[in-house]
Amino acid sequence: MRAVETGKKPVLSAEIFVIPIEADRFLVYAPLRRAAFVGNAGAVNFLADLREGRGDSGAGHDGEMIEFLRRLEIVDAGPETPPLAVFSDDPNPVSVTLFLTTACNLRCAYCYAAAGEGAARHMPPELARRGVDFVVGNALARGEDHFEINFHGGGEPTRNWPTLTKTLAHARRLADAHELRLTAYLATNAVLSAKRLDWVVANLHGASVSCDGPPEVHDANRVTPGGKGSSASVIRTLRRFDAEDFPYGIRMTVTADAIPRLADSVEYLCANFRPGQIQAEPAYPIGRGAGAASAETAAFVAAFREAQGRARRHGRELTFSGARVGTLTNHFCAATQDLFALTPDGSVSSCYEVFEESSPRAKIFLYGASAGAGGGWRFDREKLAFLRRQSVDRRAHCAGCFARWSCGGDCYHKALTVHDDGEFAGTDRCDIIRELTRDQILARIADSGGVFWHEPPERIAAEGCACVSCGDEGRIMTGRGVKKPDRGCV
Ligand code: SF4
Ligand code: SF4
């Protein structure tokens, strides 16, 4: 061990979190430096001394340790830059999400939307067109070369086939006329006729498919109104997608009952299909799933770990929305970043769970409406400002959480559901997020040679989040022009 000879007092230059992992072993994590290593109590005490300003000129300190911390930018690297996405003015998105209908051909036991119950609302083609015209106008005004449409739920979007197909035809005409690139995605339960499947494959750019695993697992919850399992149709759709090399991801919803089968379910999906991504989320106990046993448990974490290992053996990645160490952001999803989603009746929503005016949190998440026949949209600036303020950097409870700059504060809708609009005090999902985030950090250390992990700053710029990360079951882009890989809604 050599002492630092420079005479310069080392200064801690990173926000540091220390996470115990086993006896006398701690994970030291500097999220904004994207750096981490595993150290003992001595290393932790050394960092505590630095934090308290007790680091002296170096004499008496371990010089190699200081050099090591300098390499990781934890010491003497100047101020950090938190990823604070700032929004102002009215939204001018180049992406529109259309909640085409509340009708559904299934009655999934855990459906957040309780879709299929009550009178269905269908979006008329004129309304969808107005949404498309708006994002095309924005793309032209902003000098972008593309725009995007997401056909989404509240029900099964393909149940409003006329609006879906007419909207795409209209969007295509505009794309051709203005030489813009159009991308269109669909979130679907994959129970489609062969003819509609032909159309999807021929006309769309990707889909997110809800599928929970092998027939006995999938059919336990994803059933027709008559109670019949839907797996046969889903399998047919996935096989067709694979045969055509059509891009798609699979979204698995994991109920408490299905947790013990999660690894086998992932194995089944990997062995039989070729999805670009598989995402598993514990069932959200709202809608038809309200009152079901919670799946946000330690058992989910254990099952997820095993399932992840199985997916890797097939060369695939299993994801969970809240754990994403590759991302730096102060927002979890588009709900607080100006998602432009239209309900069947023409309100503007920022949340996938809020797809109609009677949704429980409509007052918070519906922030605009059509300006009428003259075109354009009216936005409620106050509501918008409130939503934009719901970022992790403003939340006291999250200040001490090591996952905060990747989690971004998790699902705001969930937080409201759990805390009944009161002060956020954490949810059961937080434990899952922290456990799986910790796994990811340790995996990065292991992948980097086993001693430390440190990403070059240019990687931060590439992956840093000034955009949206929530994709729910689709692929979403807020209009700030940055495309992110799918991220799941809860
Ligand atoms: S406390 Fe929960 S919501 Fe907040 S950053 Fe941590 S894991 Fe995310
Ligand atoms: S993650 Fe939560 S807040 Fe965001 S869109 Fe989905 S339900 Fe809404």
Side-chain angles (χ1 to χ4, degrees), residues 15 17 19 29 31 82-83 95 97 99 111-113 150 152-154 187 208 251 253 279 281-287 289 296 301 320-325 327-341 343 348-355 359-362 364-367 386-388 390-419 421 423-441 468-478 484 486-490:
E15 181 183 28
F17 295 91
I19 306 147
Y29 177 40
S95 174
T97 295
F99 299 135
C111 178
Y112 68 94
N150 297 287
H152 212 277
S208 178
R251 163 63 146 80
T253 299
Q279 178 188 342
E281 300 286 331
Y284 189 171
I286 59 169
E296 294 166 351
V301 174
F320 162 74
S321 61
R324 46 186 188 182
V325 144
T327 298
L328 286 177
T329 180
N330 62 334
H331 294 267
F332 176 69
C333 71
T336 55
Q337 298 183 97
D338 302 357
L339 176 73
F340 181 69
T343 70
V348 181
S349 175
S350 74
C351 175
Y352 296 98
E353 305 282 349
V354 181
F355 47 82
S359 298
R361 309 281 171 203
I364 293 174
F365 290 99
L366 297 187
Y367 69 93
F386 176 83
L387 285 164
R388 288 166 169 173
Q390 306 311 312
S391 53
V392 74
D393 49 299
R394 292 169 177 266
R395 199 188 268 169
H397 180 83
C398 299
C401 176
F402 71 85
R404 72 172 176 151
W405 294 120
S406 51
C407 161
D410 200 21
C411 166
Y412 180 47
H413 188 277
K414 172 85 185 175
L416 291 171
T417 309
V418 171
H419 298 297
D421 306 357
E423 176 81 16
F424 182 77
T427 68
D428 291 343
R429 272 177 59 90
C430 291
D431 293 332
I432 301 175
I433 291 168
R434 283 190 285 258
E435 285 292 311
L436 297 181
T437 300
R438 195 187 62 161
D439 286 358
Q440 291 179 348
I441 301 166
V468 63
S469 54
C470 173
D472 191 6
E473 296 177 339
R475 296 160 62 101
I476 308 303
M477 196 167 92
T478 48
K484 295 288 289 182
D486 287 5
R487 289 288 173 202
C489 234
V490 296

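Computed from heavy atoms alone, side chains included, the values below leave out hydrogens, waters and symmetry copies. Read the numbers this way: they start at 1 and go in the same order the structure lists the ligands and their atoms.
Taking the six-membered ring for Trp and thresholds of 30 and 60 degrees, His152 and Tyr352 have ring planes inclined between 30 and 60 degrees apart. Ring geometry for His413 against Tyr284 counts as perpendicular: the plane angle is over 60°, on a 0 to 90° scale with 30° as the lower cut.
Nearest to atom 1 (S) of ligand 1 by heavy atom, out of Arg404, Arg434, Arg429, Lys414, is Arg434.
Near Ala335, with a cut-off below 4.0 Å to any heavy atom, the atoms of ligand 2 are 3 (S), 4 (Fe). Every atom of ligand 2 is numbered from 1 in the order shown, and the set under 4.0 Å from a heavy atom of Tyr412 is 3 (S). Atoms of ligand 2 lying under 4.0 Å from any heavy atom of Phe332, numbered from 1 in the order shown and given with element: 1 (S). Ligand-side atoms of ligand 1 in range of Gly409: 3 (S), range being under 4.0 angstrom from any heavy atom. In the vicinity of Cys351, heavy-atom distances shorter than 4.0 Å reach the ligand 2 atoms 3 (S), 5 (S), 7 (S), 8 (Fe). Those atoms of ligand 1 that come under 4.0 Å of a heavy atom in His397, given as number and element, are 1 (S). The atoms of ligand 2 that sit less than 4.0 Å from any heavy atom of Cys411 are 1 (S), 2 (Fe), 3 (S), 7 (S).
Remark: minimum distance from atom 4 (Fe) of ligand 1 to any protein heavy atom is reached at Cys398 SG, 2.3 Å. The nearest protein atom to atom 2 (Fe) of ligand 1, hydrogens excluded, is given as Cys430 SG, 2.3 Å; this is a heavy-atom distance. Annotation: atom 8 (Fe) of ligand 1 to nearest protein heavy atom, Cys407 SG, 2.4 Å.
Contact annotation: for Cys333 versus ligand 2, heavy atoms closer than 4.0 Å belong to the side chain alone.
Taking 2.8 Å as the threshold, Cys401 does not count as a candidate ligand of atom 8 (Fe) of ligand 1, since none of its N, O or S atoms lies below it.
Residues Phe320 and Gln279 form no side-chain contact, since every pair of their non-hydrogen atoms from C-beta on lies 4.5 Å or further apart. The closest side-chain heavy-atom distance from Arg429 to Ser321 is below 4.5 Å. The shortest distance between side-chain heavy atoms of Glu353 and Thr417 does not fall below 4.5 Å.
The six-membered or imidazole ring of Tyr412 lies near that of Phe365, with a centre-to-centre distance under 6.0 Å.
Note on ligand 2: Glu353 sits in its first shell, one or more heavy atoms being nearer than 4.0 Å.
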- Please report the C-alpha distance between Thr253 and Arg251 in whole Å, then the side-chain angles of each, then the deciding distance to 0.1 Å, and finally whether the side-chain hydrogen bond (donor to acceptor under 3.5 Å, both in side chains) criterion is met. CA-CA 7 Å; Thr253 299; Arg251 163 63 146 80; 2.9 Å; yes
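Closest non-hydrogen pair, Leu387 versus Ser350, comes out as CD1-OG, 3.5 Å.
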